[in-house]
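We use all heavy atoms of the structure for the numbers below, so side chains are in, but hydrogens, waters and symmetry mates are not. Both ligands and their constituent atoms are indexed starting at 1 by order of listing.
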Amino acid sequence: MTIAKNIQQQATKLRDLLNEHNYYYYVLDEPRMPDSEYDRLMRELQALEIEHPELITPDSPTQRVGAKPLSEFAEVLHTTPMLSLNNAFDEKEVHDFDKRVRERLKLVDNIEYAAEPKLDGLAVSLRYENGLLVKAATRGDGSRGEEVTQNVKTIKAIPLRLCGDDFPSVLEVRGEVFMPKKGFEKLNKIQTAKGEKTFANPRNAAAGSLRQLDSRITTTRPLTFLSYAIGVVEPAISPDKAVLEKGDIREISRHSGILYRLETWGLPTSKDLKVVNGIQGCLDYYQDILTRRDNLPFEIDGVVYKVNRIEQQETLGFVSRAPRWAIAHKFPAQEALTQLLAINVQVGRTGTLTPVARLAPVEVGGVTVINATLHNQDEVDRKDVRVGDTVIVRRAGDVIPEVVRILPEKRPPNTQPFVLPDKCPDCGSDVIRIEDEAALRCTGGLLCPAQRKQALQHFASRLAMDIEGLGEKLVEQVIDEKLVKDIADIYTLSLEQWAGLERMGKKSASNLIKALEKSKSTTFAKFLYALGIREVGESTAHLLTQHFDSLEKLMQAKNHELQKIPDIGPVAAEHIVAFFRQSQNREIIQRLQELGIYWVENEFTTAAQSLEQSLTGKSFVLTGTLTRMTRNEAKARLQALGAKVSGSVSKKTHCVVAGEKAGSKLDKAQNLGIKIIDEAALMVLLEESA
Ligand code: D41
């Protein structure tokens with residue numbers, strides 16, 4: 001063999017390997033190689049290609065960035081137009097859609113629909129010729145778009161060459177380019193650090209990133225892609241030999257079958273696509289996605305229902321550039337315009353000063369909002385928010401509403417920039433800024449009534465000591481009247497003292513005493529959480545109780561011992577050590593125990609028991625084949641119980657579910673000492689947690 005041939009083979013091998021791992025990562029969502037190894041192979045290929053430029057092929061992963069900046073975008077005519085979607089804003093409009101569909105098809109039976117999330121990015125068309133990505137264009141007005149081939153090539157989720165050997169010689173794939181939430185947040189941080197303009201939302205960030213004349217900028221932006229339709233296809237796609245049974249949703253005569261085929265060629269499709277029965281199936285899907293919306297890694301603004309059978313789609317056709325066979329069911333708006341009436345300063349449990357916007361009441365996504373957080377001084381400055389401004393407020397799920405931006409053109413004359421005070425508005429103590437933190441903090445500690453109130457409220461809350469009836473108003477009174485100085489004092493008040501408070505009678509006072517008594521029997525984890533140690537939320541408290549079988553041992557733990565626990569970083573470790581070092585805190589703990597608070601120590605020793613508690617915030621990884629349910633189903637059920645389900649194992653993973661033939665993820669979990677359960681244990685866990 002000649003040397004040249006040898007080198008060529010080596011380049012081909014590297015390219016294939018890199019493309020293959022790209023597929024595992026982006027299409028299957030199952031990385032099988034560490035990033036560092038991928039980068040190493042990439043550098044090896046780059047080195048080869050620099051030495052032998054004649055070996056470079058257009059589908060080489062090195063060619064994702066390479067072209068010179070453009071002076072303008074070329075226009076692209078879409079041979080088959082990119083249709084738009086009609087919208088439905090409520091259930092009635094969805095029912096009307098279904099009725100129209102059934103009338104036109106002369107069907108009384110339920111229609112088979114494919115339901116998928118509606119991604120909030122921008123639509124593009126990708127043209128593959130003989131398996132090679134040759135052109136990419138934005139949707140534009142549906143007939144003409146802009147050519148963005150170079151930019152699209154920088155998106156690693158988009159294959160430069162299709163896999164397999166049964167793809168049509170011409171294939172146009174339509175889908176959405178978008179930016180996941182995490183990437184968006186990261187990008188805005190980088191923009192801020194560079195003093196550049198931040199993006200208002202992931203959609204704008206995706207559009208701004210794709211429409212760059214210089215693809216070297218696009219390549220730094222965390223864009224990704226999912227396919228949802230096809231355009232021109234020549235010759236027609238032939239049925240998959242592997243899918244023989246009629247009625248299989250992977251059959252090519254169905255929308256779901258087309259997406260399945262795209263996936264076999266290496267194109268990413270939505271993991272949340274579901275084939276449902278009738279319009280009720282669609283509405284159930286809508287509710288399911290709505291509850292999972294905040295846990296999805298990307299923003300969506302609704303769901304899309306499509307008549308699944310292509311034959312029926314063809315009968316239905318389209319009107320004025322929108323198919324009759326599809327509809328977008330939009331979620332309620334998450335943003336609204338209103339007036340900023342005042343800015344108040346709130347002191348949090350740990351003394352953080354938070355500027356809070358008081359707003360003219362406005363409905364956002366079905367809820368009336370009157371307050372919104374402004375986060376901190378940096379954010380106030382960055383957004384230049386002033387009293388009197390017209391602002392856009394945003395409410396996403398359970399998250400506290402926030403002011404996204406102001407409308408400068410609506411600003412009245414004589415407004416003043418807002419500055420946080422340098423003394424605590426509650427106790428007058430000095431306010432300091434901790435290095436590397438955006439937050440300002442009151443130095444009053446538990447001398448500050450605001451901090452005391454919140455500490456007590458947290459102590460009494462449901463997931464902590466669960467003291468029923470001890471609400472905000474009572475907490476305020478006992479602190480303001482100086483009946484209670486620290487959390488332990490709450491157990492020392494007499495029936496008369498309670499009954500003497502505003503809006504309290506003998507009856508409620510006696511109920512409260514009973515609730516206090518009841519709360520004394522608790523668990524180690526709840527007690528730890530109730531103490532309000534910074535960085536120790538519910539799940540961290542659980543973790544700690546799994547590693548320390550008594551409070552005494554935890555109180556003596558050294559920083560480095562704590563950091564050995566997965567998920568506990570240096571910051572949390574330092575807060576824990578500092579908390580138990582303070583004699584004040586140790587005294588309070590001792591008094592609480594003397595007042596009768598107890599728990600059975602070391603009760604969560606087995607894996608199943610400790611996991612049973614609550615899955616909220618716990619991160620799971622599924623690997624291998626499950627036999628009793630699909631992976632998607634397992635994922636959905638875990639998520640419904642509050643767990644996060646991730647594609648790769650890291651130090652942060654709480655538990656790996658290993659099905660049959662589990663591979664590298666299982667090895668990694670074993671190396672990291674992460675809890676591993678099998679499918680049977682997962683079933684038990686799901687049933688017991690539900
Ligand atoms: O996720 C989306 N944004 C999405 C957009 C989707 N899941 N499906 C879509 N399907 C279509 C048809 C039915 C016309 C093929 C779409 C869009 N269109 C679309 N996006 C922008 C304009 C139209």
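- Annotation: atom 19 (C) of ligand 1 to nearest protein heavy atom, Tyr228 OH, 3.5 Å.
- Of the protein's heavy atoms, Ala229 CB, 3.6 Å lies nearest to atom 15 (C) of ligand 1.
- Between Leu119 and ligand 1, an N or O atom pair is found at a separation short of 3.5 Å.
- Checked against a 3.5 angstrom limit, the closest N/O atoms of Glu116 and ligand 1 fall inside it.
- Heavy atoms of Tyr305 found under 4.0 angstrom from ligand 1: none, in either backbone or side chain.
- Under 4.0 angstrom from ligand 1, the non-hydrogen atoms of Lys306 all belong to its side chain.
- The protein heavy-atom contact nearest to atom 21 (C) of ligand 1 is Ala123 CB, 3.8 Å.
- For Ala322, no heavy-atom contact with ligand 1 is shorter than 4.0 Å.
- At a 3.5 angstrom cut-off on N or O pairs, Lys118 does not count as close to ligand 1.
- The protein heavy-atom contact nearest to atom 23 (C) of ligand 1 is Leu83 O, 3.1 Å.
- Ligand 1 has no N or O atom lying under 3.5 Å from any N or O atom of Ser84, backbone or side chain.
- The distance from ligand 1 to the heavy atoms of Trp325 drops below 4.0 Å at these ligand atoms: 13 (C).
- Residue-level proximity to ligand 1 for Glu176 is carried by the side chain, the only part with a heavy atom below 4.0 angstrom.
- Shortest contact from atom 12 (C) of ligand 1 to any protein heavy atom: Leu85 CD2, 4.3 Å.
- Atom CE of Met629 is separated from atom CG of Leu686 by 5.0 Å, given to the nearest 0.5 angstrom.
- Asp96 pairs in a salt bridge (charged side-chain N to carboxylate O under 4.0 Å, His left out) with only one of the listed residues (Arg100, Lys92, Lys99), which is Lys92.
- Aromatic ring centroids of His21 and Tyr38 lie 6.0 Å or more apart.
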Test Lys274 against Asp288 for salt bridge (charged side-chain N to carboxylate O under 4.0 Å, His left out), laying out the working first. CA-CA 11 Å; Lys274 199 171 169 197; Asp288 176 47; 5.7 Å; no
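- Within the structure, ligand 1 lacks Gly175 among the residues with a heavy atom less than 4.0 angstrom away.
- Remark: Glu116 engages Lys306 in a salt bridge, criterion side-chain N to carboxylate O under 4.0 Å.
- Near Pro117, with a cut-off below 4.0 Å to any heavy atom, the atoms of ligand 1 are 1 (O), 7 (N).
- The closest side-chain heavy-atom distance from Ile111 to Ile279 is not below 4.5 Å.
- A salt bridge is absent between Glu335 and Arg203; no separation between the charged side-chain nitrogens and carboxylate oxygens falls under 4.0 Å.
- Between Glu299 and the choices Lys181, Arg293, Lys182, Arg394, the salt bridge (charged side-chain N to carboxylate O under 4.0 Å, His left out) rule is met once, by Arg394.
- Between Lys241 and Asp166 there is no salt bridge, since no side-chain N of the basic residue sits under 4.0 Å from a carboxylate O of the acidic one.
- Of all heavy-atom pairs spanning Gly617 and His654, the tightest one is O-CE1, 4.1 Å.
- Heavy atoms of Arg139 found under 4.0 angstrom from ligand 1 belong exclusively to the side chain.
- Remark: the backbone N or O of Met82 is not paired with any side-chain donor or acceptor of Arg321 at under 3.5 angstrom.
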